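Within every chain, numbering begins at 1; the chains are lettered A, B, ... in the order of the sequence lines, protein sequences first and strands thereafter. Just so it is clear, the model here is predicted, and its values are computed rather than measured.
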Amino acid sequence: MIEPRTLKGFRDHLPAQALARERLLDVARRVYRSYGFAPIDTPALEYLDVLTGKGSAETDKQLYRFEDHGGRQVGLRFDLTVPFARFAAQHVGVLGTPFKRYHMATVWRGENTQRGRYREFMQCDFDTIGTTSAVADMETVLVVHDLLVALGIGRFTIRVNDRRILGGVLRTLGLADRATDLLRSLDKLGKLPPEGVVAEMVGHGAPEEAAARLVSMAGLSGGSAEVLGAVAALVGDDPVGREGVEAVRALVDGVTRAGVADGRVVVDPSIARGLDYYTGIVLETFLDELPTLGSVCSGGRYDDLAGLYTKQKLPGVGASLGIDRLLAGLEELGRVSAAETAAEVFLVHFDAAHLGDYLRIAAALRADGMGVEFFPEPRKLGQQLKLAGKRGFRVALVIGGDEFARGTAQLKNLATEQATTIAWNGDLRALVDAIHSHLEAIRSGH
RNA sequence: GUGGCUGUAGCUCAGUUGGUUAGAGCACCAGAUUGUGGUUCUGGGGGUCGCGGGUUCGAAUCCCGUCAGCCACCCCA
């Protein structure tokens with residue numbers, strides 16, 4: 001016997017979990033489309049040179065790579081942004097700009113696993129390319145906002161910053177040459193005490209006073225106007241840094257005008273993001289109830305990503321929803337339904353002699369738009385009801401010999417165990433309508 | 001990739017200083033009840049004690065390795 005097992009970081013998805021996942025995907029799809037983003041897809045496997053050197057040294061190490069049967073060096077995509085850059089460079093001609101797309105697909109990273117962190121997981125990206133308009137930046141934040149609201153996640157915070165601010169501050173402090181190391185240290189605020197971060201920066205060659213100023217800036221909290229004012233002071237006359245400050249100011253102003261509630265979007269000067277390709281605004285999204293889960297939706301502006309594949313200037317901005325991480329979080333919060341069925345109606349296989357009637361009834365209910373499972377075997381009624389309840393059906397439809405004789409049907413609410421008798425006298429339309437309205441009532445009652 | 005903790009039935013866990021046929025609750029199946037599920041009663045199936053090796057008369061228990069999970073580093077969705 002071969003032991004049934006899965007690779008580390010690769011998982012099976014049982015119905016309850018897969019259904020929850022599909023619900024998230026449905027919501028994401030709806031929100032993306034509501035802003036005009038169009039779906040695309042790309043291959044899971046790419047030529048290795050398309051993927052390497054685009055994210056960071058780290059993502060190169062995490063890349064699943066191998067030689068295919070034709071001796072080609074290939075790799076599995078580790079995110080959806082890099083393949084999109086290739087896609088955009090290859091197809092701009094027919095797409096035209098600006099171009100907005102969403103892409104929901106599986107990606108692979110050969111890194112160590114942890115809670116909410118797997119080797120195979122799904123991302124739901126949306127990006128706008130071909131424009132540097134601040135509107136595109138605003139929409140990126142608005143989509144993330146609408147998405148989390150639509151998912152019913154009450155408490156979350158979108159933290160925004162701009163790479164240019166960080167660069168400007170570093171230049172003003174004379175630390176531009178140490179940017180990567182210092183930003184990495186800065187990212188540890190919240191994990192390490194401020195003194196610890198300063199010490200680490202000094203280790204990277206920064207003067208203590210400069211490091212302390214950097215850390216105090218990143219630790220700023222409060223209203224966005226306040227934080228931006230303090231940041232602006234640190235940026236000084238650096239022109240690029242000022243652009244960043246203005247970009248964030250405009251961003252916050254725009255989303256506020258669009259109706260985003262106070263506190264949902266905050267300016268956080270410590271958000272740096274690891275991926276090297278970001279050039280403008282950056283954002284991360286945290287569940288207030290599970291801050292240690294990490295960001296469930298991150299992104300930013302990258303103004304020269306496609307430059308690796310084409311001479312044409314293709315600026316872009318977008319974000320990525322990590323639905324597997326989000327799902328892990330929702331599960332932990334007990335917010336994932338235990339239902340194992342997507343259908344609402346369980347049709348009891350009562351009397352094998354009436355098989356034809358059952359099939360006809362099931363077909364009529366489905367034609368009306370309801371999901372119906374007709375149990376394949378005429379097992380004992382108790383057993384069928386037990387299974388139906390366990391799987392999470394809303395109602396069981398019981399029609400046995402007695403009911404057929406009387407022209408009635410019994411509709412049982414599986415949650416409350418209450419049964420209602422429906423009189424239909426062989427009029428299929430009447431039966432369907434009655435069940436339909438009962439279901440509506442049950443749904444709205446929840 | 002590095003370090004720490006953990007690994008007994010599908011799930012949650014017992015298992016005395018290593019001692020003979022490894023237990024419980026829940027879940028599952030069958031019956032009490034050939035037309036009504038989440039209560040009750042009775043019975044039943046199911047465990048290479050993660051895997052491999054070592055120490056020992058004897059290992060679930062001690063040692064080493066390995067795999068997996070969690071946590072931290074790193075990075076990130």
Side-chain angles (χ1 to χ4, degrees), chain A residues 1 3-11 14 24 28 55-62 78-81 104-125 144 180-181 183-185 187-188 191-192 196 200 271-276 278 282-287 290 292-299 319-329 332 338 346 348-352 354 375 378-393 395-405 410-419 421:
Chain A
M1 288 270 278
E3 189 192 342
R5 64 208 171 117
T6 52
L7 288 162
K8 178 185 176 73
F10 289 70
R11 302 153 311 144
L14 272 58
L24 292 190
S56 65
E58 196 59 32
T59 48
D60 278 6
K61 273 198 290 181
Q62 297 174 354
F78 63 89
D79 74 2
L80 299 177
T81 308
M104 310 196 295
T106 306
V107 302
W108 296 266
R109 293 183 193 173
E111 67 175 329
N112 247 352
T113 56
Q114 238 171 75
R115 178 183 59 146
R117 203 164 155 176
Y118 314 100
R119 289 185 172 172
E120 178 181 68
F121 59 98
M122 201 174 224
Q123 289 193 324
C124 303
D125 278 32
V144 173
T180 309
D181 286 338
L183 291 183
R184 193 158 291 158
S185 301
D187 222 34
K188 293 186 192 167
K191 288 182 185 172
L192 285 179
E200 195 177 307
I271 299 292
R273 313 268 317 127
L275 267 42
D276 296 339
Y278 290 112
V282 286
L283 66 102
E284 295 194 345
T285 311
F286 296 87
L287 305 187
L290 288 176
T292 59
L293 185 67
S295 172
V296 296
C297 193
S298 311
S320 176
L321 173 71
I323 68 150
D324 287 299
R325 176 174 286 185
L326 185 56
L327 210 49
E332 195 167 328
F346 183 93
V348 173
H349 192 154
F350 205 113
D351 183 349
H354 283 284
F375 200 70
R379 283 224 279 252
K380 290 202 300 191
L381 180 57
Q383 283 185 3
Q384 294 191 49
L385 288 175
K386 191 176 170 189
L387 188 73
K390 185 180 151 243
R391 290 269 167 88
F393 287 88
V395 294
L397 181 59
V398 185
I399 315 178
D402 295 353
E403 281 83 357
F404 277 116
Q410 187 189 124
L411 189 67
K412 191 158 188 173
N413 181 329
L414 288 161
T416 64
E417 264 188 90
Q418 282 174 340
T421 302

Exercise for the section: Using atom types as modelled and distance alone, determine if a side-chain donor or acceptor of A:R119 lies under 3.5 Å from a backbone N or O of A:T113. Expected result: no
Problem - Sugar-phosphate only, base, or nothing, as touched by A:G294 at under 4.0 Å among non-hydrogen atoms - result: nothing
Problem - For atom CG of A:L24 and atom C1' of B:A77, their distance in whole Å - result: 13 Å
Practice task
Please determine, for B:U66, whether a Watson-Crick or G-U wobble partner exists with both distances under 3.5 Å, and give it or none.
Solution key: B:G50
Practice task
Starting at atom CG of A:L283, determine the distance to atom C1' of B:A77, rounded to an integer number of angstrom.
Solution key: 12 Å
Handout entry: Closest to side chain of A:Q114, choosing from B:A77, B:U36, B:A72
Key = B:A72
Problem - B:G23 to B:G46 separation - C1' atoms, rounded to the nearest Å - result: 14 Å
Practice task
For A:G110, answer base if it contacts any base atom (sugar-phosphate contacts may also be present), sugar-phosphate if it contacts only those atoms, and nothing otherwise; contact means non-hydrogen atoms under 4.0 Å.
Solution key: nothing
Problem - Euclidean distance for P, B:A60 against B:G54 (whole angstrom) - result: 15 Å
Exercise for the section: If the plane angle is over 60° it's perpendicular, under 30° parallel, otherwise tilted; pick one for A:F404 and A:H354. Expected result: parallel
Handout entry: Pair assignment for B:G38, Watson-Crick or G-U wobble, requiring both distances under 3.5 Å
Key = none
Problem - Donor-acceptor pair present, A:Q62 side chain and B:G1 base, under 3.5 Å - result: no
Exercise for the section: Between B:G35, B:G37, B:G69, spot the one nearest the side chain of A:D402, thanks. Expected result: B:G35
Practice task
Starting from C1' on B:G50, measure out to NZ on A:K8 and report it in whole angstrom.
Solution key: 14 Å
Handout entry: Nearest-angstrom distance, C1' atom, B:U20 to B:A59
Key = 13 Å
Exercise for the section: Could you tell me whether A:L387 contacts a base, only the sugar-phosphate backbone, or nothing, with contacts defined as non-hydrogen atoms closer than 4.0 Å? Expected result: nothing
Fill in the blank from the handout: When rounded to whole Å, the CG to C1' distance for the pair A:L381 and B:G38 reads 15 Å
Practice task
Please state the P separation for the pair B:G19 and B:C74 - nearest whole angstrom.
Solution key: 44 Å
Handout entry: Spacing of the C1' atoms in B:C29 and B:U16 (rounded, Å)
Key = 35 Å
Practice task
Mind checking A:N112 for me? I need base, sugar-phosphate or nothing, with any heavy atom below 4.0 Å counting as a touch.
Solution key: base
Practice task
Assess whether one donor atom and one acceptor atom, taken from the side chain of A:Q410 and the base of B:U36, lie less than 3.5 Å apart.
Solution key: yes
Exercise for the section: Answer with base, sugar-phosphate or nothing: what part of the nucleic acid does A:E403 contact at a heavy-atom distance below 4.0 Å? Expected result: base
Problem - Of the listed nucleotides B:A77, B:C71, B:U36, the one nearest the side chain of A:S298 - result: B:A77
Exercise for the section: Examine distances only and state if a side-chain atom of A:D324 and a backbone atom of A:M122 form a donor-acceptor pair shorter than 3.5 Å. Expected result: yes
Practice task
Return the stacking result for B:G35 and A:F350: yes when the ring centres lie under 5.5 Å apart and the planes under 30°, no otherwise.
Solution key: no
Exercise for the section: Take A:E200 and A:Q418, find for each the nucleotide of RNA chain B with the closest heavy atom, and name the residue whose nucleotide sits nearer the 5' end. Expected result: A:Q418
Problem - Pair assignment for B:A24, Watson-Crick or G-U wobble, requiring both distances under 3.5 Å - result: B:U12
Problem - Rounded distance (Å) that lies between atom C1' of B:C11 and atom NZ of A:K390 - result: 13 Å
Practice task
Please confirm whether the backbone N or O of A:T285 pairs with a side-chain atom of A:S295, one donor and one acceptor, at under 3.5 Å?
Solution key: yes
Exercise for the section: Determine which nucleotide pairs with B:C73, using a 3.5 Å limit on both distances of a Watson-Crick or G-U wobble pair. Expected result: B:G1
Exercise for the section: Give the rounded distance in Å between these two atoms: NZ of A:K380 and P of B:A30. Expected result: 7 Å
Exercise for the section: Could you please name the option among B:A72, B:G69, B:G38 that lies closest to any side-chain atom of A:E417? Expected result: B:G38
Practice task
Please confirm whether any donor atom in the side chain of A:E111 sits under 3.5 Å from an acceptor in the base of B:A77, or the reverse.
Solution key: yes
Exercise for the section: May I ask you to check whether over 12 heavy atoms, not counting those of A:K8, lie within 6.0 Å of atom NZ? Expected result: yes
Practice task
Between A:R115 and A:A388, name the one whose nearest nucleotide on RNA chain B is closer to the 5' end.
Solution key: A:A388
Practice task
Looking only at side-chain atoms of A:R325, point me to the closest of B:U36, B:A77, B:A72.
Solution key: B:A77
Problem - Interatomic distance at P, B:G4 relative to B:C64, whole Å - result: 11 Å
Exercise for the section: Send over the distance from A:R379 CZ to B:U33 P, rounded to a whole Å. Expected result: 21 Å
Problem - Exceeds 12 heavy-atom contacts within 6.0 angstrom, atom CZ of A:R115 - result: yes
Practice task
For the side chain of A:L414, starting at C-beta, report the closest nucleotide among B:U2, B:G37, B:A68.
Solution key: B:G37
Handout entry: A:I399 CD1 to B:U36 P, straight-line distance once rounded to whole Å
Key = 18 Å
Practice task
Give a yes or no on whether the backbone of A:L381 and the side-chain of A:Q384 come within a donor-acceptor separation of less than 3.5 Å.
Solution key: no
